[in-house]
Engineer: 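First, the structure itself, so that you have it in front of you.
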Amino acid sequence: MNTIEAALYYFNQAANHLELSAPVRKLLLTPKRELKVQIAIPLDNGEVATFIGFRIQHDDARGPMKGGLRYHPEVDADEVTTLAQLMTWKTAVVDLPYGGAKGGIGVDPKSLSRNELERITRGFIDAIHDTIGPDRDIPAPDMGTNAQVMAWAVNQYEKYHGFSPAVITGKPLELHGSQGREEATGRGVMIITKATFAALHRPLSGAKVALQGFGNVGYFAAAFLHEAGAKILGVTDVTGGVWNPLGLDVPALKKWAAEKGSVAGFPGSTPLTNDELLRSDVDLLIPAALGGVLTEEIARDVRAKVIIEAANAPTLAVADEVLNKKGIVVVPDILANAGGVTVSYFEWVQNLQQFRWDLAKIRGELDRIMTAGFDEVWRVSRERKVSLRTAAYIIGIGRVARATQLAGY
Ligand code: GLU
């Protein structure tokens with residue numbers, strides 16, 4: 001069982017509730033367009049290196065397709081297709097006027113020099129520029145990419161199409177990016193955590209948290225939860241992990257990780273493995289790294305009462321069943337991490353209107369959209385007596401199905 005099968009399983013559970021016919025299910029699951037391109041670049045040593053790039057455009061019934069670009073060695077066609085589909089449901093759950101897409105290159109960006117990273121990004125845009133666009137498909141950062149990569153991407157696109165900042169979101173502020181985009185996914189995770197704890201009548205202040213991943217999403221989630229009074233006891237990243245039963249000093253940990261390249265060895269903490277983190281005795285567990293980390297075996301040992309999925313597709317289907325049976329509340333990725341694409345939407349709107357919003361406006365609107373998304377998912381989950389995941393899928397898939405049927409084929 002992998003993340004691809006998990007996404008299909010979750011889709012079918014919701015489709016059964018919506019009583020969707022087999023032909024409609026097939027229509028909703030079939031990607032609109034799949035691009036697989038060659039990217040050949042000269043390396044710094046003069047050798048040529050060839051990579052495969054993907055852009056999967058899943059569905060555009062509710063608007064232009066939207067989703068990140070992932071640079072990671074495990075990127076392949078199946079994974080990107082699943083992630084594209086998740087973007088379609090995600091934008092629909094928080095009711096953004098978008099469809100879903102995802103792209104990526106099977107490469108470890110850390111193995112490339114800065115110049116090589118720039119060349120591979122420009123090569124990728126050369127290959128896909130005709131199929132993306134501000135009103136067609138709007139890429140953004142994802143795992144392994146950042147604002148600098150988006151700056152090169154938009155610059156390359158503009159060589160063909162002229163000034164068009166709205167084609168890419170997650171750009172640097174100096175190049176028509178938005179206030180609050182970098183912190184957005186982590187801030188959204190905090191908003192959803194607050195809403196979940198309030199709905200469960202659990203205090204967030206003093207709540208014990210374990211967090212997997214200390215990249216852009218994990219760090220900002222930790223920082224905002226720390227600010228909200230939660231205690232971050234454990235954090236792991238790709239190279240190691242740290243634990244402090246009294247709570248880690250998140251700003252100091254960030255400084256340490258920036259200097260050392262990892263959280264490992266942070267003064268005043270003990271070492272922690274990923275396995276230990278996922279099984280730790282905490283109130284809240286936040287996977288904020290790779291997909292597929294919550295397996296059936298780990299799910300049996302999870303002691304957290306609440307899981308907020310900051311990563312995309314962290315929970316396998318069998319694990320989800322185990323967690324549900326144990327009464328653990330799981331807030332699904334397509335709601336929990338929608339803060340990133342929501343502020344991407346604000347960036348796109350600002351670019352199209354050529355008007356700027358300040359941080360307070362961004363944060364206020366993010367709070368409004370995420371809270372409304374949560375309330376709707378919570379309500380459907382109570383009304384239909386289903387998990388929050390199934391409720392989110394029912395809302396997302398239901399909206400896409402209705403838009404598709406209204407528009408006609
Ligand atoms: N990569 C992020 C996600 O998975 C953001 C996508 C976007 O901003 O378009 O939701």
Side-chain angles (χ1 to χ4, degrees), residues 3 7 54-60 62-72 75 79-105 109 132-147 149-150 153-154 165-172 176-189 191-192 213 215-218 220-221 287-291 308-314 331-351 362 366 369-370 373 392 396:
T3 50
F54 302 96
R55 186 70 183 170
I56 311 293
Q57 300 178 326
H58 175 251
D59 191 282
D60 66 351
R62 301 182 65 261
M65 294 170 282
K66 186 88 191 80
L69 295 178
R70 176 174 289 202
Y71 291 0
H72 191 275
V75 162
E79 195 211 23
V80 181
T81 305
T82 301
L83 293 170
Q85 193 197 117
L86 290 184
M87 286 309 303
T88 302
W89 316 141
K90 187 186 302 185
T91 52
V93 170
V94 286
D95 206 7
L96 304 177
Y98 285 138
K102 198 82 163 198
I105 305 175
I132 61 174
D135 51 8
R136 299 184 80 182
D137 177 5
I138 306 132
D142 196 84
M143 201 179 281
T145 59
N146 56 21
V149 172
M150 297 306 114
V154 75
V167 68
I168 304 271
T169 59
K171 301 179 295 293
H176 307 275
S178 175
Q179 294 286 347
R181 176 61 186 85
E182 214 185 336
E183 66 176 38
T185 312
R187 194 168 176 86
V189 167
I191 295 167
I192 292 295
N216 181 49
V217 178
F220 279 109
L290 273 179
I308 306 273
E309 293 185 344
N312 284 315
V331 184
D333 48 4
I334 56 171
L335 171 65
N337 72 28
V341 71
T342 301
V343 177
S344 273
Y345 165 57
F346 301 155
E347 182 175 333
W348 180 73
V349 166
Q350 292 171 83
N351 293 155
I362 298 279
L366 176 65
I369 289 187
M370 296 295 287

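Both ligands and their constituent atoms are indexed starting at 1 by order of listing.
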Engineer: Do Arg181 and Ser344 get their side chains close enough for a donor-acceptor pair, meaning under 3.5 Å?
Structural biologist: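 On atom types as modelled, these side chains qualify, holding a pair under 3.5 Å.
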
Engineer: Of the non-hydrogen atoms in Ile334 and Ala392, which two are nearest, and what is the gap between them?
Structural biologist: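 In terms of heavy atoms, the two residues are closest at CD1-CB, 3.9 Å.
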
Engineer: Go through ligand 1 atom by atom and flag the ones less than 4.0 Å from a non-hydrogen atom of Ala140.
Structural biologist: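 Near Ala140, the atoms of ligand 1 are 7 (C), 8 (O), 9 (O).
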
Engineer: Begin from the C-alpha positions of Arg136 and Asp60 and carry the test salt bridge (Lys or Arg N to Asp or Glu O under 4.0 Å) through to its verdict.
Structural biologist: CA-CA 8 Å; Arg136 299 184 80 182; Asp60 66 351; over 6 Å; no

Engineer: Show your working on side chain to side chain contact (heavy atoms under 4.5 Å, CB included) between Ser178 and Thr169 and close with a plain yes or no.
Structural biologist: CA-CA 8 Å; Ser178 175; Thr169 59; over 6 Å; no

Engineer: Tell me which part of Arg181 gets within contact of ligand 1: side chain, backbone, both or neither, using heavy atoms under 4.0 Å.
Structural biologist: side chain

Engineer: Inspect the surroundings of CD in Glu182 and state if more than 12 heavy atoms from other residues, nucleotides or ligands are less than 6.0 Å away.
Structural biologist: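 Open.
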
Engineer: Below 4.0 Å from any atom of ligand 1, is there a heavy atom belonging to Lys90?
Structural biologist: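 Yes, that is the case, since the closest heavy atom of the residue is under 4.0 Å from the ligand.
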
Engineer: Is Pro141 near ligand 1, meaning one of its heavy atoms is under 4.0 Å from it?
Structural biologist: yes

Engineer: Using a 4.0 Å heavy-atom threshold (strictly under), name the region of Asn312 that reaches ligand 1: side chain, backbone, both or neither.
Structural biologist: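 Side chain only.
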
Engineer: Under a 4.5 Å cut-off applied to non-hydrogen side-chain atoms, are Met87 and Val341 in contact?
Structural biologist: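 Yes - at least one pair of side-chain heavy atoms lies under 4.5 Å apart.
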
Engineer: Only pairs at least two apart or in different chains count here, so list each salt bridge (charged side-chain N to carboxylate O under 4.0 Å, His left out) that has a residue in residues 81-91.
Structural biologist: none

Engineer: Looking only at the side chains, is there a donor atom on one of Asn216 and Asn146 sitting less than 3.5 Å from an acceptor on the other?
Structural biologist: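 Checked: Asn216/Asn146 side chains show no N/O donor-acceptor pair below 3.5 Å.
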
Engineer: Which of the atoms of ligand 1 are close to Gly67, meaning less than 4.0 Å from one of its heavy atoms?
Structural biologist: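 The list of qualifying atoms is 9 (O).
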
Engineer: If you measure every N or O of Lys102 against every N or O of ligand 1, does any of those distances drop under 3.5 Å?
Structural biologist: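 Between Lys102 and ligand 1, an N or O pair is found under 3.5 Å apart.
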
Engineer: Could you tell me which atoms of ligand 1, counted from 1 in the order shown, lie closer than 4.0 angstrom to a heavy atom of Met87?
Structural biologist: 3 (C), 4 (O), 6 (C), 10 (O)

Engineer: For atom 8 (O) of ligand 1, grab the closest protein heavy atom and report residue, atom and distance to one decimal in Å.
Structural biologist: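 It is Ser344 OG, 2.6 Å.
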
Engineer: May I ask you to identify the nearest protein heavy atom to atom 9 (O) of ligand 1, giving residue, atom name and distance to one decimal place in Å?
Structural biologist: Lys66 NZ, 2.8 Å

Engineer: I need the nearest protein heavy-atom contact for atom 1 (N) of ligand 1: residue, atom name and distance, please.
Structural biologist: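 In this structure, atom 1 (N) of ligand 1 has Asp142 OD1, 2.7 Å as its nearest protein heavy atom.
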
